[in-house]
Protein chains: 2
Amino acid sequence: MFTKATEYALRATIYIAQKGSEVAKLGIDEIAVAIDSPRSFTAKILQLLSRDNHIISSVRGPNGGFYLTEKAKSLPISCIIQAMGEEEMLEKCVLGLKQCSETQPCPMHLQFKPIRKQLKDMFSNKTIREFAAEIKDGVIFICNR
Amino acid sequence: MFTKATEYALRATIYIAQKGSEVAKLGIDEIAVAIDSPRSFTAKILQLLSRDNHIISSVRGPNGGFYLTEKAKSLPISCIIQAMGEEEMLEKCVLGLKQCSETQPCPMHLQFKPIRKQLKDMFSNKTIREFAAEIKDGVIFICNR
DNA sequence: ATAATAAAGGATAGTTTTGCCCTTATTTAT
DNA sequence: ATAAATAAGGGCAAAACTATCCTTTATTAT
């Protein structure tokens with residue numbers, strides 16, 4: 001569904017939103033272990049999400065690390081998908097046809113239409129905070145510890 | 001959603017099912033132009049679908065080409081996805097977590113569950129014939145000619 | 001000030017996917 | 001039989017994606 005990079009981006013962001021805060025930032029080592037992702041690759045992704053997209057906040061030096069502001073936690077999950085450059089996934093024709101549209105639909109267009117809508121709703125109506133919160137509610141998990 | 005290879009596989013198969021027959025086989029050149037795909041790459045894919053998976057039939061030599069038997073047209077679209085090795089797409093955790101399951105769901109698991117079901121239904125309940133047929137019914141298209 | 005810590009950034013390597021070319025094998029038509 | 005047509009198949013190149021390593025910069029604590 002998503003690339004590895006986007007999967008790591010989603011996992012890392014949700015994990016940081018849940019476990020971190022401005023006064024308890026999380027280091028890249030902890031994050032990578034927790035979400036089971038390659039350390040340096042994940043670092044690059046977090047860099048992108050903080051430098052270019054301001055979804056994640058970061059501070060260097062001792063006691064530095066990553067965290068999300070309360071404002072950032074209110075962003076919809078689709079922001080992360082967008083930041084990773086995969087927003088077209090939610091628009092693209094299932095068969096990859098450029099010309100596919102409402103007026104010139106591919107054979108799967110109609111069938112897929114309601115599914116696409118639900119996908120879009122799921123990603124744009126739910127915030128990072130909401131997905132992070134679910135982890136705390138007992139059963140739901142995201143990490144290794 | 002799918003890889004390029006699978007997109008081409010789906011487009012080519014649906015196109016062949018619609019335009020070809022045992023007595024009017026389609027050549028790789030026509031197919032590639034019609035579905036707007038790279039010729040040789042598409043040839044490899046058709047080879048895979050015919051040699052290993054018996055979804056497409058092929059004959060060499062003059063008047064040779066590709067076609068689908070009536071039996072093959074009755075196969076569900078999921079057969080093509082499976083043949084291309086992407087069947088896990090319909091099972092995999094959205095966040096790519098190996099441990100994600102009903103009893104240990106990731107934060108997106110519950111939200112995504114009904115969507116996954118609809119995707120699975122769409123691909124396993126509709127046949128190649130049905131998708132090919134829709135093309136003929138006026139509006140719906142798949143090709144460049 | 002200095003040293004230690006942790007992210008930022010650059011370079012590069014490995015892997016997979018996508019795409020192309022050329023030769024070979026098979027079938028048909030003459 | 002021979003030639004022509006057409007898929008099969010091998011090899012390789014380009015691009016994208018994934019991953020690692022090392023150096024630099026910023027921050028904090030002493």
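Just so you know, these numbers come straight off a predicted model, no measurement behind them. Throughout, a chain's letter reflects where its sequence line sits, starting with A, and its residues are numbered from 1.
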Inset, instruction - Round to a whole Å and report the spacing from CD of B:E30 to P of D:dA7. - result: 10 Å
Legend entry - B:K4 to B:F41 six-membered ring, cation-pi geometry met (6.0 Å, 45°): no
Inset, instruction - Quickly work out the A:E22 CD to D:dT28 C1' distance and round it to whole Å. - result: 16 Å
Legend entry - Residue-phosphate contact under 4.0 Å: A:S50 side-chain N/O, C:dA8 OP1/OP2: yes
Inset, instruction - Select base, sugar-phosphate, or nothing to describe what A:S58 touches, counting heavy atoms under 4.0 Å on all strands. - result: sugar-phosphate
Legend entry - Nucleotide nearest A:N63 when distance is taken to its side chain, options D:dT20, D:dT28, C:dG9: D:dT28
Inset, instruction - Considering just the side-chain nitrogens and oxygens of A:Y8, establish if one lies under 4.0 Å of OP1 or OP2 belonging to D:dA19. - result: yes
Legend entry - Contact nearer the 5' end of DNA chain C, comparing A:G65 with B:S40: A:G65
Legend entry - B:R11 versus B:S37, side-chain donor and acceptor atoms under 3.5 Å: no
Inset, instruction - Round to a whole Å and report the spacing from CZ of A:F2 to P of D:dT18. - result: 13 Å
Legend entry - Heavy-atom check, side chain of A:Y67 versus side chain of A:V23, under 4.5 Å: no
Inset, instruction - Please determine, for the side chain of B:F41, which listed nucleotide (C:dA7, C:dG19, D:dC21) has the closest atom? - result: C:dG19
Legend entry - Pair A:E87 + A:K92: basic N to acidic O under 4.0 Å: no
Legend entry - Side chain of A:K44 (C-beta onward), nearest among C:dG10, C:dG19, D:dT25: C:dG10
Inset, instruction - Would you mind reading off the distance between A:M84 atom CE and D:dC17 atom C1', rounded to a whole angstrom? - result: 11 Å
Inset, instruction - Whole angstrom is fine here: how far is it from CG in B:D52 over to P in D:dG9? - result: 9 Å
Inset, instruction - Mind calculating the distance between CG (B:D29) and P (D:dA7) to the nearest angstrom? - result: 7 Å
Inset, instruction - Could you tell me the separation between the CD atom of B:E7 and the C1' atom of C:dT17, rounded to a whole number of Å? - result: 13 Å
Inset, instruction - To the nearest Å, give me how far apart CZ (A:R39) and C1' (D:dT18) are. - result: 16 Å
Inset, instruction - Mind checking B:I45 for me? I need base, sugar-phosphate or nothing, with any heavy atom below 4.0 Å counting as a touch. - result: nothing
Legend entry - Residue mapping more 5' on DNA chain D - nearest nucleotide basis, B:R51 or A:V59: B:R51
Inset, instruction - Examine the side chains of B:S101 and B:Q104 and answer whether a donor and an acceptor come within less than 3.5 Å of each other. - result: no
Inset, instruction - Report the nucleotide, chosen from D:dA7, D:dA19, C:dA8, that has the shortest atom-to-atom distance to any side-chain atom of B:F66. - result: D:dA7
Legend entry - Per A:Q47 side chain, nearest of listed nucleotides D:dA29, D:dA7, C:dA8: C:dA8
Legend entry - CD (A:E22) with more than 12 external heavy atoms under 6.0 Å: no
Inset, instruction - For A:A43, answer base if it contacts any base atom (sugar-phosphate contacts may also be present), sugar-phosphate if it contacts only those atoms, and nothing otherwise; contact means non-hydrogen atoms under 4.0 Å. - result: nothing
Inset, instruction - Tell me what A:I28 touches on the nucleic acid: a base, only sugar-phosphate, or nothing, going by heavy atoms under 4.0 Å. - result: sugar-phosphate
Legend entry - Minimum-distance nucleotide to A:P62 side chain [options: C:dA4, D:dA8, D:dT20]: C:dA4
